[in-house]
Number of protein chains: 2
Amino acid sequence: MKKKILIHDVANHLDVSIATVSLVLNGKAKEKRISDELAERVLRYVEEVGYKPNQLAKSLRTGKTNVIGLVVEDISNPFFATVAALIEQKALARGYHIIYCSTNDDAAKTRDLLSVFQARHVDGYILALPAGVEEEVRALVRSGKPLVLFDRLLPGLLTNAVVVDGASGMYDATRHLLGQGYTNIALVTARAGQLQMASRAQGYAQALRERGLPELVQEIAFPQVPEHILQEMETFFAAHPACHAVIFATNYLGVYGLEALGRLGRRIPAEMAVVSFDDNDLFRLYSPPITVVAQPMEAMAEESISVLLAALESPNTEGTGRMVQLQLAPQLVVRGSSLRLTS
Amino acid sequence: MKKKILIHDVANHLDVSIATVSLVLNGKAKEKRISDELAERVLRYVEEVGYKPNQLAKSLRTGKTNVIGLVVEDISNPFFATVAALIEQKALARGYHIIYCSTNDDAAKTRDLLSVFQARHVDGYILALPAGVEEEVRALVRSGKPLVLFDRLLPGLLTNAVVVDGASGMYDATRHLLGQGYTNIALVTARAGQLQMASRAQGYAQALRERGLPELVQEIAFPQVPEHILQEMETFFAAHPACHAVIFATNYLGVYGLEALGRLGRRIPAEMAVVSFDDNDLFRLYSPPITVVAQPMEAMAEESISVLLAALESPNTEGTGRMVQLQLAPQLVVRGSSLRLTS
DNA sequence: GTGAAAGCGCTAACAT
DNA sequence: ATGTTAGCGCTTTCAC
């Protein structure tokens with residue numbers, strides 16, 4: 001049990017006051033006209049004994065924790081895991097740390113998480129939230145803490161946000177399938193009341209409407225036990241034998257969809273053309289490779305953290321600060337799963 | 001900018017002292033014989049105005065943060081992402097929060113992270129570390145903070161640990177391939193000096209030794225740019241045309257391996273039988289499905305957090321505490337990728 | 001049963 | 001140029 005060394009000990013040993021040590025450590029030496037020689041001596045000793053200021057005390061005093069709260073739907077989802085890893089890396093490079101939590105799309109859990117983050121005095125928030133927490137987020141904004149919504153907006157909430165234009169992504173995907181000659185195109189989406197799902201569905205609907213074709217939408221309730229999801233999908237596909245093309249609105253739906261189609265023995269793309277939102281290893285390496293609407297994850301991470309840090313470091317502590325709403329373009333990556341075989 | 005409510009405000013409003021409020025809030029009301037009526041009144045008002053104690057101040061005072069530092073190799077790796085999600089969930093259920101960071105297998109970055117966690121006074125650590133930080137971890141142990149190594153041990157370090165018996169997993173996998181009639185079995189592993197890699201390689205070697213068969217091991221340096229990894233693999237496979245079975249020592253090697261084999265046009269399992277360590281969606285849904293050595297992720301998460309919390313809540317603050325080393329059994333999941341086609 | 005007061009370790013305004 | 005000191009918000013001992 002090594003005894004923790006304190007600023008007091010450092011000051012004592014060097015025979016200076018703790019204020020001097022503190023000032024040197026916080027880069028205020030010049031400003032306070034502390035001799036370079038002394039400053040150097042302090043730094044050297046601190047390094048030597050490995051003194052690390054107690055961040056709790058520091059934060060309590062300064063009101064700044066250098067911690068960012070990251071709230072995602074599910075950290076084990078490859079999309080969120082990847083974006084989280086990128087955000088972590090970028091935040092670290094700028095001296096910030098991340099506390100993350102998964103909501104599992106549960107509003108009650110999310111409320112708890114937000115309140116815990118608040119109690120821990122995180123400096124700012126990056127949030128991908130479930131529906132139903134608008135009031136809490138509004139309060140958060142009012143509290144003056146910087147925050148950026150990512151992946152999805154919240155209805156009736158005007159704040160910093162970094163999202164992907166799912167409507168145009170889905171529109172492109174649907175047009176692509178239409179271009180391949182498919183006319184009976186299904187959309188499998190999540191029933192979750194999430195705004196980004198609605199906009200994806202809208203892009204799909206618009207492409208069909210332009211051609212006067214009917215929609216065929218299957219909503220899957222989430223979260224749910226995998227076996228049920230698979231069964232819902234199998235039932236759906238079985239009930240629509242005329243449907244030979246399907247778009248999955250998220251990566252996990254796509255994964256379940258492939259499994260369901262596999263169970264039904266449907267050959268891709270011969271018997272069923274497939275497109276999924278989100279890209280991942282599975283889609284890329286599947287046989288055939290799956291056509292996807294890829295989200296720009298690197299850009300989402302970069303923009304989210306940039307917008308947040310800009311707000312964090314802006315001088316206007318009042319709520320008058322500027323607001324940034326970014327909408328990034330996804331990219332349709334055409335692969336074998338959606339190509340009409342030459343007949 | 002809503003004004004933050006303090007314990008002081010609560011006490012003032014109720015016309016009691018802050019001590020009373022604090023005691024009630026910390027469940028010491030009975031012990032201190034505070035009237036039920038008063039306690040009830042405090043609780044109700046606290047609830048009403050949504051008072052949340054400042055965790056920084058609380059932690060500074062009590063020395064307890066209720067935060068656990070989780071250090072993994074890469075949070076975007078499905079294995080770590082899944083285990084992290086499980087650990088987070090289990091920790092939350094017990095009132096603890098997680099700060100996580102990825103090491104990217106970089107010893108210097110890891111040293112930084114550990115030191116930051118220390119400065120933030122996390123209550124305990126769950127660690128999957130790169131080689132080269134033994135000294136720091138030893139110091140951490142000496143400092144008396146509970147810690148559990150997971151996924152991998154560190155050479156010469158005796159601490160709490162939850163790992164998987166990679167040797168027996170690989171032994172089983174190799175025996176399985178031998179049983180299918182393969183004799184020229186390659187192992188593709190990561191050159192990283194990690195103990196769990198060594199033990200996996202050893203299981204493979206032992207199975208071959210028992211049959212008097214030669215080893216064929218390819219080490220891939222990590223981390224590295226994807227394109228290089230693919231090329232290294234392709235070169236390796238091209239250089240060993242007699243090799244018709246391969247085992248990948250981790251999930252990411254397996255993913256790259258499938259891509260490399262795909263590029264080379266090798267059919268699985270007809271031209272190359274494939275087994276990978278770790279299971280994931282890709283392996284499960286690939287055509288053919290990939291035989292894997294699956295790690296018990298749920299159990300790893302559960303045991304890691306249990307061991308840590310046990311240490312955290314044990315009364316012996318001295319280093320005399322008990323030490324737990326758990327080795328969990330992985331499970332060979334045989335799928336189509338490793339089955340000899342009936343000829 | 002309840003309240004006053006002493007810190008936890010640090011920063012920064014104010015003295016000197 | 002450097003030292004003194006008053007908090008940051010909370011917990012908890014000890015006196016009433």
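Labels below follow one simple rule: chain letters A, B, ... track the order of the sequence lines, proteins then strands, and each chain is numbered from 1.
Among residues two or more places apart in sequence or in another chain, the salt bridge (charged side-chain N to carboxylate O under 4.0 Å, His left out) test is passed with B/K30 by B/D36. With sequence neighbours left out, B/A81 forms a side-chain contact (heavy atoms from CB on, under 4.5 Å) with A/A81. Judged as a salt bridge (charged side-chain N to carboxylate O under 4.0 Å, His left out), and not counting sequence neighbours, A/E88 has no contacts. A/S306 is linked by a side-chain contact (heavy atoms from CB on, under 4.5 Å) to A/R94, A/E302, counting only residues two or more places apart in sequence or in another chain. Applying the salt bridge (charged side-chain N to carboxylate O under 4.0 Å, His left out) rule to B/K32 yields no partners; only residues at least two apart in sequence or on another chain are considered. For A/D106, the side-chain contact (heavy atoms from CB on, under 4.5 Å) criterion is met by A/A108, A/K109, not counting sequence neighbours. Residues passing the salt bridge (charged side-chain N to carboxylate O under 4.0 Å, His left out) test with B/R152 are B/E73, B/D105, sequence neighbours excluded.
Between B/S102 and A/Q89, every side-chain heavy-atom pair lies at or beyond the 4.5 Å cut-off. For the pair B/Y100/B/I87, no side-chain contact is recorded, criterion being any heavy-atom separation below 4.5 Å from C-beta on.
Note: CG (A/D36) to C1' (D/dA1) measures 12 Å, nearest angstrom. Here the C1' atom of nucleotide C/dG1 and the CG atom of B/D15 are 16 Å apart, to the nearest Å. At whole-Å resolution of the value, NE2 in A/H8 and P in D/dG3 are 13 Å apart. Computed from coordinates, the B/L6 CG to D/dC8 C1' distance equals 10 Å when rounded to whole Å. Counting to the nearest Å, the P atom of C/dA4 and the CD1 atom of B/I18 are 9 Å from each other. In this structure, B/N12 atom CG and C/dT2 atom P are separated by 16 Å, rounded to whole Å. Atom pair A/Q118:CD and D/dG9:P shows a separation of 15 Å (rounding to whole Å applied). Put simply, CG on B/L25 is 7 Å from P on D/dT11, counting in whole angstrom units.
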Could you pull out the protein-nucleic contacts involving nucleotides 14-16 of chain D (nitrogen or oxygen on both sides, under 3.5 Å)?
none

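Within residues 37-63 of chain A, the residues having any heavy atom under 4.0 Å from DNA chain D are, by residue number, A/L38, A/L60, A/R61.
Phosphate contact (OP1/OP2 of C/dT11, side-chain N/O of A/K28, threshold under 4.0 Å): absent. An OP1 or OP2 oxygen of D/dG3 is reached within less than 4.0 angstrom by a side-chain nitrogen or oxygen of A/T20.
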Mind listing the side-chain donor-acceptor pairs of residues 41-51 of chain A below 3.5 Å, one per line with the distance, residues two or more places apart or on another chain?
unit_1 : atom_1 : unit_2 : atom_2 : d
A/R41  : NE     : A/E37  : OE2    : 3.4
A/Y45  : OH     : A/H13  : ND1    : 3.3

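For A/V16, the listed nucleotide lying nearest its side chain is D/dG3; candidates were D/dT2, C/dC10, D/dG3.
Along DNA chain C, the nucleotide nearest to A/A19 and the one nearest to B/R33 differ in position, and the one closer to the 5' end is contacted by B/R33.
Each salt bridge (charged side-chain N to carboxylate O under 4.0 Å, His left out) pair with one or both residues in residues 59-70 of chain A, not counting sequence neighbours, appears once here: A/K64-A/D123.
Across its full length, the helix from C/dG1-D/dC16 to C/dT16-D/dA1 shows an angle of 50° between the axes of its 5 terminal pairs at either end, rounded to 10 degrees.
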